[in-house]
Number of protein chains: 2
Amino acid sequence: MMTIGRLSVTAGVKVPTIRYYEEIGLMPEPERTEGNQRRYVGAHLERLNFIRHARDLGFSVEAIRDLLSLQATPDAPCHDADRIAADNLADVRAKIARLKKLEAELEHIVSECAGGRAGECNVLATLADHALCTTDHGHVHNSLHETT
Amino acid sequence: MMTIGRLSVTAGVKVPTIRYYEEIGLMPEPERTEGNQRRYVGAHLERLNFIRHARDLGFSVEAIRDLLSLQATPDAPCHDADRIAADNLADVRAKIARLKKLEAELEHIVSECAGGRAGECNVLATLADHALCTTDHGHVHNSLHETT
DNA sequence: CCAAAAACCTCTAGTTTGTAGAGATTTAGG
DNA sequence: CCTAAATCTCTACAAACTAGAGGTTTTTGG
């Protein structure tokens, strides 16, 4: 049995965020003490770790809800799990592809920009010059943040 | 002289977003027609491309503001821009590493899970297992967005 | 040349994913 | 038992847009 504060520290998720996750249904309502305070058990910590990792990876709350539904029904026909996994796999691959391009651009920026002045620095040129842009100029940041 | 609609299409940024950028000071106030409509010139398009590209790369609006101010004073030391890029690079690499692990798990599910049950899949373990987390458990996605 | 439609205007409100604070209550330590 | 820390609920705010209402301007085509 741990308090919300302890869960917060252990999982690396802020207290109000935990309550927020409960509010939107990502975290279940835990037991309460006589005095109405939340008390969590190990399963809560696991689930919260799951959520946090998935968020770090850029999954939207909705995507996480899907993933969690896999966990909730371990005997469900694999067909459903397969669909959910496949949907997310496409996202993951798209993310990786974009992040690799991003990595290349950032590497370029960092290596070219050693000790010079801003006028000589390639960051600005790289960012301003459309021709230097190696990405597809689709809707990269939308899918990165996955808020659409 | 182009309308906001034309600028929008050319730069790939939605019309309300352009107005929003003006409101928060990322884009300058353009000239207006007699009838109060915005009219943009080439420099606006360049700046908007800069902004969009930087957003695509995961720079926060604040970071972009910094970059734009560096652009305005090309004799300033360049290491600020470099630092911003380097900060993002670390995050991007961490994300790539973890996404690759997740990709492998999702691939496993999609290819192997047919006929099995969700409970046998490893996605959940992958996401929940602290040991697989290669980042410092700081605030990875925060620093990407650099909002804190 | 004038009507209709397309594009534009401002303003407000909603979205997602949280954060921060106020004021009241509960719990834990000494 | 008493006090300080932690918790509770509730509201409001953050970033970075997005959408719609209701009204004006510009363009287009007959």
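Values below: every heavy atom of this structure, side chains too, minus hydrogens, waters and symmetry copies. We name chains A, B, ... by the order of the sequence lines, and we start the count at 1 in each one.
- When rounded to the nearest whole Å, the span between OH of A/Tyr20 and P of C/dG21 equals 19 Å.
- Across the protein-nucleic acid pair, A/Met2 atom CE and D/dA6 atom P stand 17 Å apart, rounded to whole Å.
- Between the CZ atom of B/Phe59 and the P atom of D/dA16 there is a distance of 13 Å, rounded to whole Å.
- Under the 4.5 Å side-chain criterion, counting only non-hydrogen atoms from C-beta, B/Arg55 is in contact with B/Val61.
- Remark: A/Val15 pairs with A/Ile4, A/Ser8, A/Arg19 by the side chain to side chain contact (heavy atoms under 4.5 Å, CB included) rule, at least two apart or across chains.
- Toward the 5' end of DNA chain C, the nearer of the two residues A/Tyr21 and A/Thr33, judged by each one's closest nucleotide, is A/Tyr21.
- To the nearest 0.5 Å, atoms NE2 (A/His53) and CZ (A/Phe59) are separated by 13.0 Å.
- Clustering of Ile, Leu, Val, Met, Phe, Trp and Tyr side chains at separations under 4.5 Å places B/Met1 together with B/Val41.
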Atom pairs and distances, side-chain donor-acceptor, residues 20-33 of chain A, under 3.5 Å, sequence neighbours left out:
| from | atom 1 | to | atom 2 | distance (Å) |
| --- | --- | --- | --- | --- |
| A/Glu22 | OE1 | A/Arg38 | NE | 2.8 |
| A/Arg32 | NH1 | A/Asn36 | O | 2.9 |
| A/Thr33 | OG1 | A/Gly35 | N | 3.2 |
| A/Thr33 | OG1 | A/Asn36 | N | 3.3 |
| A/Thr33 | OG1 | A/Gln37 | N | 3.0 |

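- For the residue pair A/Arg52 and A/Val13, the shortest heavy atom distance occurs at CD-CG2, 3.4 Å.
- Rounded to whole Å, the distance from CD1 on A/Ile51 to P on C/dG18 is 10 Å.
- Listed by chain and residue number, A/Glu62 satisfy the salt bridge (Lys or Arg N to Asp or Glu O under 4.0 Å) test with A/Arg65 (two or more places apart in sequence, or in another chain).
- Proximity of A/Leu68 to A/Ile51: side-chain heavy atoms (C-beta onward) are separated by under 4.5 Å at one or more points.
- Taking atom CD1 of residue B/Ile18 and atom P of nucleotide D/dT18, one finds them 11 Å apart after rounding to whole Å.
- When all heavy atoms of A/Ala11 and A/Leu45 are compared, the closest pair comes out as CB-CD1, 3.8 Å.
- In this structure, NZ of A/Lys14 is placed 11 Å from P of C/dG21, rounded to the nearest angstrom.
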Distances under 3.5 Å between nitrogen or oxygen atoms of protein and nucleotides 4-6 of chain C:
none

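- Atom-to-atom distance recorded for A/Leu7:CG and A/Ile18:CD1 is 4.0 Å, nearest 0.5 angstrom.
- Atom pair A/Ile24:CD1 and C/dG18:P shows a separation of 7 Å (rounding to whole Å applied).
- Considering only side-chain N and O atoms, B/Thr17 lies under 4.0 angstrom from the phosphate OP1 or OP2 of D/dT18.
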Practice item. Sugar-phosphate means primed atoms, P, OP1 and OP2; the rest is base. With that split, encode nucleotides 7-12 of chain D 5' to 3' as B, S or - using protein heavy atoms under 4.0 Å. Key: SSB---
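- As a whole-Å value, the separation of A/Leu7 CG from D/dA6 C1' is 14 Å.
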All N/O contacts under 3.5 Å from nucleotides 21-23 of chain D to the protein, with atom names and distances to one decimal?
none

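- Under the 4.5 Å side-chain criterion, counting only non-hydrogen atoms from C-beta, A/Tyr40 is not in contact with A/Leu48.
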